[in-house]
There are 2 protein chains.
Amino acid sequence: MKPNHLPKNPPHDLKQLHEQVTTKLSQANYRYTDNRRRLVETLARYGRPVTLPDIINADPALAQSSIYRNLELLENIGVTCRIAIGSEHAHFELAEQLVGHHHHLICKACGTVQDVHLDLQIESLLEESLAQIASRANFSPLHHTLDLHGRCADCK
Amino acid sequence: MKPNHLPKNPPHDLKQLHEQVTTKLSQANYRYTDNRRRLVETLARYGRPVTLPDIINADPALAQSSIYRNLELLENIGVTCRIAIGSEHAHFELAEQLVGHHHHLICKACGTVQDVHLDLQIESLLEESLAQIASRANFSPLHHTLDLHGRCADCK
DNA sequence: CTCTATTATAAGAGTGAGTCTCATTATCAT
DNA sequence: ATGATAATGAGACTCACTCTTATAATAGAG
Ligand SMILES: [Mn+2]
Ligand SMILES: [Mn+2]
Ligand SMILES: [Zn+2]
Ligand SMILES: [Zn+2]
């Protein structure tokens, strides 16, 4: 029912990603500066939600304040997404509009987050069930988040 | 964000709740002080995840530092739970050990969080699917979180 | 009931992730 | 080129949360 499953574009296709970001930026009358390009590229290279220190570690030339400013700008036009883990740092990744709907494995030990995809059948059953719950509570649903918490392969 | 309000009628199983908390505290060699009793009671009365200002608003006699300290202590013995919404304040509620497994409706406008229960059949299908995903990623699952984001009845 | 060791409290100082300011720099339009 | 606008980045600042520490409450021994 709900078109929550948008086409997934593999993050290894950097050129196509940059084209999509270019379009979104120009539609909002923003420039695709070198700073922004490197930020998007860093997120794409990681391929999983990362913290601000992760980003600076991958590209130390980027300034903290500029990264935060651009992450907010890019989030507003649907390029990136901020996710709230329990960790002291927020995590950032490419938006589902670009990389498709997915979920997260969150390691309680090292804090790393990994993308995973739910079986399409369960995903749609879940959507249906959540829509029911929402209408019962007179709640307007926008999107859901589903995280699995535990210990990653490296930490167990 | 609109102010939060306590429900008029406290649940009539408060006594049982206090008994359970007493047991957990004494097993860990902690005292069930007046501060801790009032904190647990405030969380029970709200019946949904609340922020620290919410708690102080409901019981202004409680000191901020004591609330934080006791919330951490109570979380360590499985009485309360801290949840990370995107909001500037963390949210706290009674642990699932005490109130059962459930999920959350999160309002993007006013920030309030509401407890909801998923259909048992879908819940077990989901568990199964997540277990598969975890084993495929060599990940040791502990628990999952499922939130529906949107606009609550009051805000839409 | 004292006395004492231990636990809990609370005011305020401290921490740090994230935001804001503003002077400088880059880019675009003419 | 010249002026207008957008973007940058260093550092000041905010504020949710933690830590310190002096005081208060409690349990247990005698
Ligand atoms: Mn999903
Ligand atoms: Mn569930
Ligand atoms: Zn790990
Ligand atoms: Zn609302």
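Keep in mind it's a predicted model, so treat the numbers as computed, not measured. Quick note on labels: first sequence line is chain A, next is B, and so on, each numbered from 1. Below, all heavy atoms of this structure are taken into account, side chains as well, without hydrogens, waters or symmetry copies.
Between D:dT8 and A:Asn70, a contact under 4.0 Å exists linking OP1 or OP2 to a side-chain N or O. OP1 or OP2 of C:dT9 has at least one side-chain nitrogen or oxygen of B:Thr33 nearer than 4.0 Å. Proximity of B:Asn35 to the phosphate of D:dA25: no side-chain N or O atom is located under 4.0 Å from OP1 or OP2. Contact annotation: A:Arg31 does not reach the phosphate of C:dC28 (side-chain N/O to OP1 or OP2, under 4.0 Å). Checking the phosphate oxygens (OP1, OP2) of C:dG18, a side-chain nitrogen or oxygen of A:Tyr68 falls inside 4.0 Å.
Whole-Å rounding puts the B:Ile85 CD1 to D:dC17 P distance at 12 Å. Taking atom CG on A:Leu25 and atom P on C:dC28, their separation rounds to 13 Å, with Å as the unit. Between B:Leu71 atom CG and C:dA10 atom P the separation is 14 Å, expressed in whole Å. Between B:Arg38 atom CZ and C:dA10 atom C1' the separation is 13 Å, expressed in whole Å. Note: CZ (B:Arg36) to P (C:dA10) measures 11 Å, nearest angstrom. Atom-to-atom, CG of B:Leu62 to C1' of C:dT9 comes out at 11 Å; the value is rounded to the nearest Å. A straight line from NE2 of A:His89 to P of C:dT15 spans 16 Å, rounded to a whole angstrom. In this structure, the CG atom of B:Leu73 is 16 Å from the C1' atom of C:dA10, given to the nearest Å.
Between the side chains of B:Asp147 and A:His144, not a single donor N or O lies within less than 3.5 Å of an accepting N or O. With hydrogens and angles left out, the side-chain atoms of A:Arg45 and A:Thr42 include no donor and acceptor closer than 3.5 Å. Using a 3.5 Å distance cut-off with no hydrogens or angles, the side chains of B:His103 and B:Gln114 do not pair a donor with an acceptor. Counted by atom type alone, B:His101 and B:Glu123 present one or more donor-acceptor pairs between their side chains at under 3.5 Å.
Along DNA chain C, the nucleotide nearest B:Gln64 and the nucleotide nearest B:Asp34 are compared for position; the residue whose nucleotide lies closer to the 5' end is B:Asp34.
Nearest nucleotide to the side chain of B:Arg82, out of D:dT8, D:dG9, D:dT18: D:dT18. The side chain of A:Glu88 lies closest to C:dA17 when the candidates are D:dC17, D:dG9, C:dA17.
Taking only distance into account, the side chain of B:Arg69 meets the base of C:dA10 through a donor-acceptor pair shorter than 3.5 Å. B:Ser65 contributes a side-chain N or O that forms a donor-acceptor pair with the base of C:dA11 under 3.5 Å.
Aromatic ring orientation, B:His149 versus A:His143: parallel (interplanar angle below 30°, classes split at 30° and 60°).
In this structure, B:Arg37 satisfies the cation-pi test against B:Tyr32, with its NZ or CZ atom closer than 6.0 Å to the six-membered ring centre and inside 45 degrees of the ring normal.
Rounding to the nearest 0.5 Å places CG of B:Leu17 at 8.0 Å from CD of B:Glu41.
Note on A:Asp115 versus A:Arg48: no salt bridge recorded, every NZ/NE/NH1/NH2 to OD/OE distance being 4.0 Å or above.
Contacts between residues 51-60 of chain A and DNA chain C, defined by a heavy-atom separation below 4.0 Å, involve no residue at all.
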